[in-house]
Engineer: 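First the structure, which I've put down as structure tokens, then a few questions once you've had a look.
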Amino acid sequence: MIAPHSSPSSTSPRPVRKAVVPAAGLGTRFLPATKATPKEMLPVVDKPAIQYVVEEAAAAGLHDVLMVTGRHKRAIEDHFDNAFELEQALATKGDTVRLDAVRDPARLADIHHIRQGDPLGLGHAVLCARRHVGDQPFAVLLGDDLIDPRETLLSRMLEVRDRYAGSVVALMAVEPAQLHRYGCAAVEPTGEEGVVRVTGLVEKPAPGAAPSAYAVIGRYVLDPAVFDVLERTGPGRGGEIQLTDALQELAAAGSVHGVVFDGLRYDTGDKADYLRTVVRLACDRADLGPEFVAWLKEFVTSLPDDGTGREEGYRAA
């Protein structure tokens with residue numbers, strides 16, 4: 001067993017107050033739906049995916065949120081703005097439930113927007129936030145990576161940052177066959193359950209080349225030192241500036257920790273996972289769950305043995 005290497009910082013680091021949400025991707029995996037609609041605006045039940053992300057940041061006490069968007073992403077800005085005509089129409093009808101739902105996105109946080117301009121990768125998107133963030137630590141939440149609202153992953157990461165300083169990444173054990181889809185971390189223990197020191201990172205490793213079973217998922221708490229590293233980081237995998245490459249340099253200096261997460265996470269950037277996310281969150285809703293679960297059970301039992309849903313049983317359902 002490797003001896004614990006890290007110890008909490010003896011000085012109290014600056015608190016994290018700001019969050020950055022990169023949302024400039026083209027959403028090619030969801031074409032043609034994302035031809036004119038940002039992938040982050042695809043509905044998960046009755047809210048766009050990105051609203052869940054902002055709600056998570058606000059729940060963790062981060063009320064200054066910067067959206068890094070791109071061309072054709074105006075719908076994101078509009079969603080987190082006031083909609084005077086719609087609000088007035090709902091108020092006139094006395095529909096207070098829907099009125100609150102329409103107003104909620106604009107009330108979640110102080111939301112700012114900047115355009116990435118050129119799609120040069122996640123690392124470049126984070127670098128675009130430098131002027132807004134300044135020399136303060138900040139969180140990064142990927143817009144298509146949802147953490148179940150009942151989980152407290154981000155708050156846990158902020159606590160770890162308070163004690164160890166440096167940067168903190170969220171890690172999750174995934175099946176070996178899936179590791180090529182993620183950045184993967186080499187780790188060693190800290191002596192604290194669920195917290196590891198990250199000694200190295202590899203972006204989307206080849207089969208059999210991953211340094212561990214731990215994949216980096218879309219939550220980061222970053223020290224502002226990452227900006228200087230990103231400034232000199234050249235294009236990496238896919239010809240893009242990879243955040244993983246910058247974190248690798250910081251990890252080599254011993255300033256990156258990982259929080260191991262084993263809770264509920266949803267990847268809305270993948271078609272099959274997106275559908276599972278909608279079903280799971282709909283089942284959990286008090287207003288939809290009972291009726292939807294009853295229908296779902298009936299539907300599943302009506303499927304043919306091959307699970308294609310193309311036979312008479314499916315049409316009868």
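These numbers come from the heavy atoms of this one structure, side chains and all, not from hydrogens, waters or symmetry mates.
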Engineer: Any ion pair linking D223 and R161 (charged N to carboxylate O, less than 4.0 Å)?
Structural biologist: yes
Engineer: Side chains of residues 84-91: which donor-acceptor pairs under 3.5 Å do they make with residues two or more places apart or in other chains?
Structural biologist:
from: E87; atom 1: OE1; to: R103; atom 2: NE; distance (Å): 3.4
from: E87; atom 1: OE2; to: A83; atom 2: N; distance (Å): 3.1

Engineer: Which residues pass the ring pair (Phe, Tyr, Trp, His ring centres under 6.0 Å) test with H180, not counting sequence neighbours?
Structural biologist: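 In terms of ring pair (Phe, Tyr, Trp, His ring centres under 6.0 Å), with neighbours along the sequence ignored, H180 is linked to no residue.
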Engineer: Restricting to pairs with a member in residues 169-184, which pass salt bridge (charged side-chain N to carboxylate O under 4.0 Å, His left out), not counting sequence neighbours?
Structural biologist: R181-D267
Engineer: Among residues at least two apart in sequence or on other chains, which ones pass side chain to side chain donor-acceptor pair (under 3.5 Å) with E231?
Structural biologist: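 With neighbours one apart ignored, the set is R130.
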Engineer: Angle class for the F227/F138 ring planes (parallel below 30°, perpendicular above 60°, tilted otherwise)?
Structural biologist: parallel
Engineer: So, the side chain of T268 versus the backbone of Y274: is there a donor-acceptor pair under 3.5 Å, distance only?
Structural biologist: no
Engineer: Check whether any side-chain heavy atom of H257 sits under 4.5 Å from a side-chain heavy atom of T190, and report yes or no.
Structural biologist: yes
Engineer: Donor-acceptor pair, E188 side chain versus R197 backbone, under 3.5 Å?
Structural biologist: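 Not a single qualifying donor-acceptor pair exists.
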Engineer: Shared ILVMFWY cluster between F80 and L99, side chains joined below 4.5 angstrom?
Structural biologist: no
Engineer: Considering only residues two or more places apart or on different chains, which pairs with a residue in residues 203-220 satisfy salt bridge (charged side-chain N to carboxylate O under 4.0 Å, His left out)?
Structural biologist: E56-R219
Engineer: Distance-only check: which donor-acceptor pairs under 3.5 Å involve side-chain atoms of residues 35-54, not counting sequence neighbours?
Structural biologist:
from: K39; atom 1: NZ; to: D144; atom 2: OD2; distance (Å): 3.1
from: E40; atom 1: OE1; to: K73; atom 2: NZ; distance (Å): 2.7
from: E40; atom 1: OE2; to: K73; atom 2: NZ; distance (Å): 3.4
from: D46; atom 1: OD1; to: R285; atom 2: NH1; distance (Å): 3.0
from: D46; atom 1: OD2; to: R285; atom 2: NH2; distance (Å): 3.0
from: K47; atom 1: NZ; to: E55; atom 2: OE1; distance (Å): 2.9
from: K47; atom 1: NZ; to: E55; atom 2: OE2; distance (Å): 3.1
from: Q51; atom 1: OE1; to: H79; atom 2: NE2; distance (Å): 2.8
from: Q51; atom 1: NE2; to: E55; atom 2: OE2; distance (Å): 3.1
from: Y52; atom 1: OH; to: V44; atom 2: O; distance (Å): 2.8

Engineer: I'd like to know if R74 pairs up with D78 as an ion pair, taking the criterion as any Lys NZ or Arg NE/NH1/NH2 lying under 4.0 Å from an Asp or Glu carboxylate oxygen.
Structural biologist: yes
Engineer: Cut-off 3.5 Å, side chains only: do Y164 and E192 have a donor facing an acceptor?
Structural biologist: yes
Engineer: So, the side chain of K18 versus the backbone of H132: is there a donor-acceptor pair under 3.5 Å, distance only?
Structural biologist: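 Yes, the answer is positive, given that a donor and an acceptor are paired below the 3.5 Å cut-off.
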Engineer: Any chance the side chains of Y266 and D273 put a donor and an acceptor closer than 3.5 Å?
Structural biologist: no
